[in-house]
Amino acid sequence: MSIKLNALFSDSYVDISQYRDQHFKGNRYEQEKLLKQSCTLYVGNLSFYTTEEQVHELFSKSGDVKRIIIGLDKVKKTACGFCFVEYYTRADAENAMRFINGTRLDDRIIRTDWDAGFKEGRQFGRGKSGGQVRDEYRQDYDPARGGYGKLVQKS
Amino acid sequence: MSRRRHSDESDAGSQPHKRRRTSEPIEIEDRLESLICRVGEKSTSSLESNLEGLAGVLEADLPNYKSKILRILCAVARILPEKLTVYTTLVGLLNARNYNFGGEFVEAMIRQLKETLKSNLYSEALYLVRFLSDLVNCHVIAAPSMVAMFENFVSVTQEEDIPQVRSDWYVYAVLSSLPWVGKELYEKKDVEMDRLLNQIEGYLKRRQKTHVPMLQVWTAEKPHPQEEYLDCLWAQVQKLKKDRWQERHILRPYIAFDSVLCEALQHNLPPFTPPAHSDDAVYPMPHVVFRMFDYTDAPEGPVMPGSHSVERFVIEENLHCIIKSHWRERKTCAAQLLSYPGKNKIPLNYHIVEVIFGELFQLPGPPHIDVMYTALLIELCKLQPGSLPQVLAQATEMMYMRLDTMNTTCIDRLINWFSHHLSNFQFRWSWDDWADCLTQDIEKPKPKFVKEVLEKCMRLSYHQRIVDIVPPSFTALIPANPVCSYKYGDEADSSLPGLAMTTTVGNAIKNRASNEEILIVLKDVPNPNQDDDDDEGDGFNPLKIEVFLQTLLHLAAKSSSHSFSALAKFHEVLKTLTDSDEGKLHILRVLYEFWRNHPQMISVLVDKLIRTQIVDCAAVANWIFSPEMAHDFTRFYVWEILHSTIRKMNKHVQKIQKELDEAKVKLEKQQNKKQRDSGDEEDMEKNSEDEEGQLEEQIERLQEKVESAQSEQKNLFLVIFQRFIMLLTEHLVRCETSGIDINTTWYKNCIERLQQIFLMHHVIIQQYMGTLENLLFTAELDHHILTVYQQFCALHL
């Protein structure tokens, strides 16, 4: 009786993206396997001023949040616009991908993506100046993310 | 059907494979699936020509792919009810070309119907019944045999000792098919149909409706009565009958093919006996039809069909089906809703908004997770920026106006939806329109609603933002600035007991003292409760808890993560201090005192304390019902904490139950393996015996753990219900003796919170009905309270 009809019921919001962590210890296959079972989400495009409590309030709407780790500037140790949200169950994380990804937090459209799992050290930005890589090279002025990109600031 | 084998990547070390030919069987099957699933979607050709073309393709493929085609068609019948008439037409065309195929399809559908009923898949079974009935319109099934099936369905109402929800479903299956096939059945068998409807009418008159008040979103009858679903459908069918079964809304592609279809030979449905009732049958619960709009609400454009029109039923059914099919993909779902066929004749935006809120507010619970509806409404606003936001604003305004009679559980969901929605639109709202709430008592539903919305908005932003977005007149409703309240701070009265100790403790913590060292430091804290000498100082000492916890929380107040680390680091100290029930209660009190302006912190820290087993669930329940919390008893955050606590308890029981089930399966496998391997070498046998022994031990331990967890769960519910009964009885008695009306704002809130416990956890509570009835909900109870229990019981009868 049960036939899946794959043509119809896609669940594309839950699919893994093209992004692969270059610092991941393991091969592509292993990383993808972890991504497909993960209960942890990477959350990007946060304002530097967004608090852990705000993240908790929003992401609790799809289930109980186990842990939030705010991303930090490696040098300044201040928030630099991303975080990890870990749920107790995969199903809750999937609902976050379906219904919270692409909506607003602190007036900014945030983006969520699967993460292979938090490891110590991954809470730091990997840009040369200490923040995220994307803030090194961007040309626009974003008051919630330190103003101009680092490259523009230096010039 | 055999598949030609061909090598691909999965064959390890295979020979280099031949180039794949373009028409591999698997690809053809996928193509068939795709063709069938996509028919009816936007296309440059007309629906009729697409159906004609597809029928030709399928007819040609029947010799080789018949069973695949049968399976696909059965599946779409079951899971794509919004495209019902498209597929019945397709089946009709195929039947006209190939009578045998038509017969096999009908047989497959009957088999599927039996399976879905046995598997408790009642909504799918419903779609199958509707599909079969529409096949009468396509000349695939003979009308008299359909009537016979309906007669068998209705005869379920004569069965004895069955739950009402069983006969309800069979009656619903018949009534809800009539918009599609009523006309045809009446034309062929009017006498039998009249008899059928009379029987149904008799059933509807005598069935119990105790459950209805518990499921209504509003208690008021005006402007729109919240009708029980069978009553509403009956009224709609009556009206349809009066209109001589003229139904103009449903899209019927088969009409265009009438000349072809009426040449076809029809099949008779085999006699269908509804499967007998069994104890593990889980029938759908009754529901109430949600209505918030009528024809006066859509200012211009097409008129909204009346509440008892069959069009209204069909539109709502179809919109619910679309959401059911596409809820996981909000953009697709929004697009599908907005491209509803026949949308130009109805105020579609109003129907969509009404159906979405109907689901969101459904009691006991929405069919899908709450946040989905927020995301869906945002997508709809994006796709229709010129019209949908206005309808949504109108709906919000209407719901605000009717807060006084709205069920508290529904108000909770409205608060969550509205605040989350606003946070996506820069919190823009015409707050001044709601200035009327400012003159009301702050506990009344309207000001309370605004206050709770602002509190939730603040959680998603920050305090100053809320101050900025509301007019100055709303200041009284703005939430408190969420800062901590350290009682041992610089402004503390020097005579405050324990003040000096806080400095010592604070320094110890800052100097990275261990748990043992802290406990030694705390030995010097006197116990205000004790007169005699207590050398060990191990008893419950509230001052110790206050000194330690206030200091710790103050040092860790920067963020929730800091607080979590602090609680984790000093877990041992906290466990020791809260060894007794009084200790557990007191730690919650201290936590509350410290974070009373920041309910979110209270919430996350209570969660942590439970998860790290510093307090148990019953302690949280007792704390919430304690006199110290009475002033916050009607605040939303308190109930969020209680329901979260109950959910944690439930998940805990489920988790251990799962471990037990898995261990049992493992043991079974081990025993089967032993049987198969018996006669092997001695040491292998011994190993498997050891394993078996270990597993049996493990199962015994887990069994005990499950029983202990269930006992804790039962106790939690008992505590909660007991406290409710005490509080409510007190109020009722007091009102009676002083001659006041019992229906105060507080009472409405409290009794609906009691209802909410039943509604939100009805599956678990069902297990403990016996105990509840014997111990708590006895006949001696005040009837106001007992009614809630009786309504809950009626949900499952």
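These figures come from a predicted structure and were not determined experimentally. Residue numbers start from 1 in every chain, and the chains themselves are labelled A, B, ... in the order their sequence lines are given, proteins ahead of strands.
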Student: What part of B:L460 lies closer than 4.5 angstrom to a heavy atom of chain A: side chain, backbone, both or neither?
Tutor: both
Student: Mind listing the closest non-hydrogen atom pair of B:R330 and A:Y13 along with its distance?
Tutor: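 It is CG-OH, 3.4 Å.
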Student: Tell me the residues of residues 128-151 of chain A whose non-hydrogen atoms fall below 4.5 Å from those of chain B, in number order.
Tutor: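 Within residues 128-151 of chain A, near chain B: nothing under 4.5 Å.
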Student: Counting only heavy atoms closer than 4.5 Å, note whether B:D370 contacts chain A via side chain, backbone, both or neither.
Tutor: neither
Student: Which one of B:P482, B:C74, B:S461, B:S644 has the most heavy-atom pairs closer than 4.5 Å to chain A?
Tutor: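 Of the options given, most contacts go to B:S461.
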Student: Between B:Q426 and chain A, which part of the residue has a heavy atom less than 4.5 Å away: side chain, backbone, both or neither?
Tutor: both
Student: Between B:M601, B:M458, B:H420, which residue shows the highest count of heavy-atom pairs closer than 4.5 Å to chain A?
Tutor: B:H420
Student: Heavy-atom pairs under 4.5 Å with chain A are the metric here; pick the option from B:A375, B:A108, B:S560, B:S559 that has the most.
Tutor: B:S560
Student: Can you say whether B:S325 sits under 4.5 Å from chain A via the side chain, the backbone, both, or neither, judging by heavy atoms?
Tutor: both
Student: When only heavy atoms count and the cut-off is under 4.5 Å, which of residues 56-78 of chain A reach chain B?
Tutor: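 Listed by number, the contacting residues are A:H56, A:E57, A:L58, A:K61, A:S62, A:D64, A:K66, A:I68.
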Student: For A:R126, does the CZ atom have more than 12 heavy-atom neighbours from other residues, nucleotides or ligands under 6.0 Å away?
Tutor: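 Counting other residues, nucleotides and ligands, CZ of A:R126 exceeds 12 neighbours.
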Student: For residues 43-55 of chain A, give me every residue with a non-hydrogen atom less than 4.5 Å from any non-hydrogen atom of chain B.
Tutor: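 Residues of residues 43-55 of chain A touching chain B at under 4.5 Å: A:E52, A:E53, A:Q54.
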Student: Once you round to the nearest 0.5 Å, how far does OG of A:S12 lie from CZ of B:R328?
Tutor: 11.5 Å
Student: Got more than 12 heavy atoms from elsewhere within 6.0 Å of NZ, A:K25?
Tutor: no
Student: Can you establish whether the number of heavy atoms outside B:K382 located under 6.0 Å from its atom NZ is more than 12?
Tutor: yes
Student: With chain B as the partner chain, list the residues of residues 99-113 of chain A whose heavy atoms fall under 4.5 Å from it, by residue number, and write 'none' if nothing qualifies.
Tutor: A:F99, A:I100, A:N101, A:G102, A:T103, A:R104, A:L105, A:D106, A:D107
Student: Under a 4.5 Å heavy-atom cut-off, does chain B meet the side chain of A:D11, its backbone, both or neither?
Tutor: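 The answer is both parts of A:D11.
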Student: Relative to chain A, which segment of B:K331 carries a heavy atom at a distance below 4.5 Å: side chain, backbone, both, or neither?
Tutor: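 Both the backbone and the side chain of B:K331 come within 4.5 Å of chain A.
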